[in-house]
**Q** 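For reference, the structure I am asking about is given below.
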Amino acid sequence: MAQFEDLSNFGDANPPENNEKISEVTTFELAYRHFNNLWADTQEHLADLLKTEMPYDKPTYIEDRRTAIRRTSKLYLKYIKICNNLIKCFENICHPQKRRYLRKICDPCIGRVLELKKELVLLEKSEFQYLDQMLLELRMFPADMEVKIPDYFKELKTEEDKEKRKLLKIHFESKNVEKLQSNSVTKQEKLIRTAMVYIQMIQSHERACRFRDVFYELQKKRIVKDMKSHKENREEKETKTKKEYVIIIQRAWRKFLFRKKLKILYSEEMKFFNKGSERERESVADILEKDRAYIIRRNEEEYISSKDNLKQIMLMHDYPRMMEELEEKIRAFFHQYHELYGDFPTFPTEEEGGSTTMFQKEVERKAEAARKAAESEADEKDKKGKDSKKGKDDKKKKDDKKKKDEKDKKKKGKKGEEEEEVPPGYALKTSKYIPSMLVLLEEYNKTWKGKECFNFDRFDQKLLEMEVEDEVQLMVRLQVDENMRIECDRLSKALRKDSKKKKKGGKKKGGKKKGGKKKSKKKEVDLTPDRSLESLVSELVEQEIITDYPKCSLKDFLGEYNYSGSTKQSEGDPENDPLPCLGDIRRVVNEYCVLPMGSEGIHSGGAFAKSVLLAGPHGSGKQTLVHAVCTEIGATMMNLSSENIQGKYPGPEGLAMLSHLISKVGRLLQPTVIYVKDAEYYFIKKKPPGLKLREPGRLKKALPKLIKKIGIADRILVLGTSSLPFEADVKALSGCYEKIICIFKPDYNCRSYLWDEVIKKHKRQSTKNIDISVLSNISDGYTAGHIYDAVQKTLTNRRLAFEKKIPLSPSDFASKLAEFVPVYEEEHEAYRLWLRKMPIGRQRAGMYETEQEEALPDEEISEEDDY
């Protein structure tokens with residue numbers, strides 16, 4: 001331990017005077033340099049990538065669509081690589097202040113990835129992109145296209161969020177207790193059930209006794225027969241003494257005890273060396289993960305406690321002095337403003353920024369005045385130096401320009417609908433996340449670049465003092481602004497009284513103006529103004545609209561990627577477009593559902609989808625994806641399925657109350673996922689005869705209105721699932737859901753991956769003895785859910801116990817797989833035809849037609865240059 005105490009300040013240019021000794025140093029703390037170096041390299045790559053995008057506010061136009069796709073996909077993959085590296089650094093760096101910076105920069109990077117994904121969808125007219133060639137060029141794997149989900153998505157920042165989650169947990173527990181009580185039975189029913197159980201036990205014991213007697217009789221006959229056969233060829237039995245028999249028994253007993261003790265000692269020794277059995281031993285990665293969590297928690301607690309102590313000290317000593325200095329500064333500004341303009345300024349509100357914006361406006365005003373004065377002086381000098389002829393030519397040119405501008409204005413002003421002229425081609429839209437990334441890069445260069453922290457990633461005292469000082473200054477500014485706002489109002493009122501100035505031009509009598517007032521948007525009426533959040537949540541939980549969900553991660557949705565998608569996509573035939581595999585679907589669900597909803601910083605940039613529809617056959621994993629999305633972001637789940645709301649909140653008034661409760665509680669408990677099972681029922685063409693629902697299309701009009709009201713500040717997602725989407729009205733369904741993801745049956749590669757992984761998960765051993773290729777061929781047409789259920793039914797504890805004697809074979813799984821109904825080719829084609837009728841499918845077909853018409857037969861397609 002003394003060695004580590006000497007190395008605590010290794011690499012620090014300016015170590016602190018009072019260096020604290022390290023109490024504990026674990027194996028994980030010794031690897032902190034690797035992740036700091038990775039962070040520094042990632043920041044450099046990010047800075048270089050942002051330079052290539054400059055100027056980000058003036059996009060460059062590209063005529064060829066393929067060149068635009070190539071450029072956008074390259075940026076897309078590079079940003080994904082940077083995001084994954086930053087998230088990896090956030091998960092492994094234990095420095096609390098560095099983690100806060102990494103958390104801030106991860107959000108705009110992920111937002112930029114989602115923006116580029118949106119651009120690729122618009123260019124290719126497809127939700128799935130197959131970038132095999134670009135992956136090879138950048139030396140990336142298909143799995144690297146998937147953005148990692150940060151751990152801080154599940155964290156609750158404020159105490160209000162924690163209280164809301166506790167409230168939900170309490171109501172769910174009380175609901176479960178009520179269910180158990182409702183399922184409980186009376187004493188008489190219990191007595192009858194116990195009596196029936198005892199009768200069954202007696203009957204089973206009686207049968208067992210009968211079979212036992214028969215078995216014993218047969219065994220006696222067999223023993224007698226064996227004794228007679230051996231008696232003839234056997235010599236007389238040697239007789240032994242009692243002592244010899246006792247010795248034999250003692251020897252056997254001592255052997256048993258010795259083996260048992262040896263086994264216990266061996267297991268303890270293996271646990272000490274972490275070399276136990278595969279099921280019991282703890283891997284090195286798990287140990288490092290525990291150490292990392294412990295160190296992060298320890299450093300975070302130290303940082304928060306020292307921050308609170310320092311804040312209290314500054315509030316005690318520096319707070320009054322800072323208030324006096326700021327008040328004197330604002331009063332001096334009032335007097336200067338009064339001397340210049342003869343009046344006192346209007347003090348900005350707290351939302352506008354208070355005194356800081358007031359000072360900024362004055363600085364900007366002075367800078368503008370100085371710039372105008374300099375421009376006027378320069379113009380005067382230029383006018384004196386110019387000749388008269390040149391002046392005449394300039395006037396002519398100016399007149400010509402004015403005439404041209406007037407003509408252009410007239411053309412643009414016709415009917416107020418014509419847009420500005422845009423050069424032909426494709427261009428990236430201006431990003432809303434790049435400015436914040438540039439600001440954070442400047443912060444990194446000032447604070448963290450080339451700096452190594454001491455004490456193995458514990459907090460930096462100087463930075464902590466600066467952070468606390470900024471927080472105290474903010475508190476001081478808010479308090480002083482409140483006082484000086486009142487003082488400014490008093491001064492302005494006193495000035496008006498002294499000057500006795502009256503407003504010119506009283507109120508005119510007469511009618512209203514021709515234009516009239518602009519129509520303002522109707523504010524949503526609060527139907528429950530006097531009710532608390534707790535009462536609303538309890539009502540929705542009782543009605544089973546807010547429901548609990550099983551916890552599962554997005555990694556549990558197993559599946560491989562489509563490795564040959566780009567070759568089929570290059571053919572240019574929409575009917576033979578490549579189909580996404582389960583890995584591609586997992587990636588797209590992550591980009592549309594998890595990443596935008598996980599953080600406010602990402603969602604506020606506008607790169608999100610309000611509603612997503614998951615369509616596919618039974619057992620394709622739609623409900624698993626819904627539960628995974630809710631688990632990854634820690635969302636509140638509301639079930640708005642037609643089956644769930646049947647008989648609840650009847651009539652139009654009840655429907656209005658239901659939509660109001662969902663929008664109000666959903667915003668208070670965000671992030672919120674509104675789950676709609678069997679989404680086709682709301683837009684069904686004709687009610688099927690076997691359907692038991694009375695009003696299947698009850699939310700046909702209310703659901704699209706609810707989706708339209710979702711704003712940038714509302715982390716609400718409408719997530720629908722459908723097994724028979726072709727039975728619904730195409731126009732209404734596609735108008736309600738922005739993004740539509742169709743899950744098809746898995747291909748051979750995906751099925752082999754599923755069999756291998758699911759058997760490993762249940763068996764906890766390798767699958768070398770099982771022929772996976774046979775299983776993959778047998779399961780053609782079956783979904784991932786069918787494969788999972790077949791493995792679960794086959795690999796029971798009893799079957800695994802006899803595995804050594806009777807090895808597993810494909811026939812064991814085939815018998816269980818035959819119980820399910822596969823997805824036939826007709827159903828598969830129905831999903832493909834339905835997907836082509838969607839807006840994005842029609843746009844893709846139209847894009848191919850236009851390209852074929854414009855393409856010349858003799859034209860040779862040249863390779864595009866790298867961006």
**Q** So, taking the atom named CG in L46 and the one named CG in D48, what distance separates them when rounded to the nearest 0.5 Å?
**A**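 If we round to the nearest 0.5 Å, L46:CG and D48:CG are 9.0 Å apart.
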**Q** Holding to salt bridge (charged side-chain N to carboxylate O under 4.0 Å, His left out), I want the full list of residues that pass it with E826, two or more places apart in sequence or in another chain.
**A** none
**Q** Would L775 and I787 count as a side-chain contact (heavy atoms from CB on, under 4.5 Å) here? Give the steps.
**A** CA-CA 10 Å; L775 289 172; I787 293 170; over 6 Å; no
**Q** Looking at K837, I want to see if its NZ is surrounded by more than 12 non-hydrogen atoms of other residues, nucleotides or ligands under 6.0 Å.
**A** no
**Q** What are the two closest non-hydrogen atoms of Y433 and G605, and how far apart are they?
**A**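 Scanning both residues, the minimum pair turns out to be OH-CA, 3.1 Å.
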**Q** Ignoring hydrogens and angles, state whether a donor on the side chain of N644 or S641 is under 3.5 Å from an acceptor on the partner side chain.
**A** no
**Q** Looking at K793 and E819, is there a salt bridge between them, counting it only when a charged N and a carboxylate O are closer than 4.0 Å?
**A** yes
**Q** Drop me the distance from S776's OG to I778's CD1, to the nearest 0.5 angstrom.
**A** 9.0 Å
**Q** Tell me, which pairs form a salt bridge (charged side-chain N to carboxylate O under 4.0 Å, His left out) where one or both residues lie in residues 780-792, sequence neighbours left out?
**A**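 Matches after skipping sequence neighbours: R751-D780.
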**Q** I need the single residue from Y561, F557, F744 that forms a side-chain contact (heavy atoms from CB on, under 4.5 Å) with L582. Which is it?
**A** F557
**Q** When rounded to the nearest 0.5 angstrom, what distance separates CG in D729 from CD1 in I684?
**A** 11.0 Å
**Q** Starting from the C-alpha separation in whole Å, work towards a yes-or-no answer on ring-ring contact (aromatic ring centres under 6.0 Å, His included) for Y788 and H762.
**A** CA-CA 10 Å; Y788 186 85; H762 283 79; 5.5 Å; yes
**Q** Are more than 12 heavy atoms, taken from residues, nucleotides or ligands other than K81, located less than 6.0 Å from that residue's NZ atom?
**A**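 No, the 6.0 Å shell around NZ holds no more than 12 heavy atoms from other groups.
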**Q** If you round to the nearest 0.5 Å, how far is CG of L554 from NE2 of H627?
**A** 13.5 Å
**Q** Does the pair K118/E115 count as a salt bridge with the N-to-O cut at 4.0 Å?
**A**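 No, this pair does not count.
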**Q** Which heavy atom of V821 sits nearest to which heavy atom of Y824, and what is that distance?
**A** CG1-CE1, 4.0 Å
**Q** Centres of the F90 and Y152 rings: under 6.0 Å?
**A** yes
**Q** Any side-chain heavy atom of S663 within less than 4.5 Å of one from L706?
**A** yes
**Q** Under the criterion side-chain contact (heavy atoms from CB on, under 4.5 Å), which of V718, I740, V676 is the partner of S611?
**A**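 Going through the options one by one, the only one that passes is V718.
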**Q** Mind checking ring-ring contact (aromatic ring centres under 6.0 Å, His included) for F153 and listing every partner two or more places apart, or none if nothing turns up?
**A** none
**Q** Applying side chain to side chain donor-acceptor pair (under 3.5 Å), name anything that partners T631, two or more places apart in sequence or on another chain.
**A**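 Here no residue qualifies.
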**Q** Mind checking salt bridge (charged side-chain N to carboxylate O under 4.0 Å, His left out) for D584 and listing every partner two or more places apart, or none if nothing turns up?
**A** R587
**Q** If you count the non-hydrogen atoms of other residues, nucleotides and ligands that lie under 6.0 Å from NZ in K739, is the total more than 12?
**A**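 Result for NZ/K739: enclosed.
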**Q** Between K745 and E825, does at least one N-O distance fall below 4.0 Å, as a salt bridge requires?
**A** yes
**Q** Tell me every residue that passes ring-ring contact (aromatic ring centres under 6.0 Å, His included) with F683, counting only those two or more places apart in sequence or in another chain.
**A** none
**Q** Using a 6.0 Å cut-off, check whether atom CD of E643 has over 12 heavy atoms from anything other than its own residue.
**A**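 For E643, atom CD is not crowded (no more than 12 foreign heavy atoms under 6.0 Å).
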**Q** Taking the basic N atoms (NZ, or NE/NH1/NH2) and the acidic carboxylate oxygens, is any pair closer than 4.0 Å for E127 and R844?
**A**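 R844 and E127: not salt-bridged.
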**Q** Holding to salt bridge (charged side-chain N to carboxylate O under 4.0 Å, His left out), I want the full list of residues that pass it with E146, two or more places apart in sequence or in another chain.
**A**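 In terms of salt bridge (charged side-chain N to carboxylate O under 4.0 Å, His left out), with neighbours along the sequence ignored, E146 is linked to R586.
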**Q** Once side chain to side chain contact (heavy atoms under 4.5 Å, CB included) is applied, do any residues pair with K610, and if so which ones, sequence neighbours excluded?
**A**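 K610: side chain to side chain contact (heavy atoms under 4.5 Å, CB included) contacts with F608, I707, I710, E738.
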**Q** Going by side chain to side chain contact (heavy atoms under 4.5 Å, CB included), name the residues that satisfy it together with S815, two or more places apart in sequence or in a different chain.
**A** none
**Q** Quick one: side chain to side chain donor-acceptor pair (under 3.5 Å) partners of T636, sequence neighbours excluded?
**A** R165
**Q** Would you please test Y753 and L558 for side-chain contact (heavy atoms from CB on, under 4.5 Å) and show each step?
**A** CA-CA 8 Å; Y753 177 81; L558 303 173; 4.2 Å; yes
**Q** I'd like to check V823 versus Y782 (side-chain heavy atoms, cut-off strictly below 4.5 Å). Are they in contact?
**A** no
**Q** Under the side-chain hydrogen bond (donor to acceptor under 3.5 Å, both in side chains) rule, what do S599 and D107 come out as? Steps first, then yes or no, please.
**A** CA-CA 7 Å; S599 175; D107 285 351; 2.8 Å; yes
**Q** Could you measure the distance from the OH atom of Y76 to the NZ atom of K78? Nearest 0.5 Å is fine.
**A** 15.5 Å
**Q** With V121, which of V588, I840, L116 fulfils side-chain contact (heavy atoms from CB on, under 4.5 Å)?
**A** I840
**Q** Just verifying a value: how many Å separate C742 SG and L579 CG, rounded to the nearest 0.5 Å?
**A** 8.5 Å
**Q** Going by side chain to side chain donor-acceptor pair (under 3.5 Å), name the residues that satisfy it together with H786, two or more places apart in sequence or in a different chain.
**A**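 By the side chain to side chain donor-acceptor pair (under 3.5 Å) rule, H786 matches T783.
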**Q** Please determine whether a side-chain nitrogen of the Lys or Arg among E137 and K74 lies less than 4.0 Å from a carboxylate oxygen of the Asp or Glu.
**A** yes
**Q** Walk me through it: do Y563 and Y130 pass the test side-chain contact (heavy atoms from CB on, under 4.5 Å)?
**A** CA-CA 8 Å; Y563 296 107; Y130 306 100; over 6 Å; no
**Q** What heavy-atom pair brings S723 and E680 nearest, and what distance separates the two atoms?
**A**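 Closest heavy-atom pair between S723 and E680: N-OE1, 4.0 Å.
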**Q** I would like to know whether S431 and R112 meet side-chain contact (heavy atoms from CB on, under 4.5 Å); could you show each step before the answer?
**A** CA-CA 7 Å; S431 174; R112 184 60 182 151; 3.3 Å; yes
**Q** Quick one: list whatever passes salt bridge (charged side-chain N to carboxylate O under 4.0 Å, His left out) with R842, sequence neighbours left out.
**A**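 So R842 forms no salt bridge (charged side-chain N to carboxylate O under 4.0 Å, His left out) with any residue.
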**Q** For S779 and W755: C-alpha separation, side-chain torsions, deciding distance, then whether side-chain hydrogen bond (donor to acceptor under 3.5 Å, both in side chains) applies.
**A** CA-CA 10 Å; S779 58; W755 280 112; 3.0 Å; yes
**Q** Using the rule given for side-chain hydrogen bond (donor to acceptor under 3.5 Å, both in side chains), can you reason through Q129 versus K117, listing the C-alpha separation, both sets of side-chain angles and the distance that settles it, and then say yes or no?
**A** CA-CA 9 Å; Q129 284 74 42; K117 168 70 177 181; 2.6 Å; yes
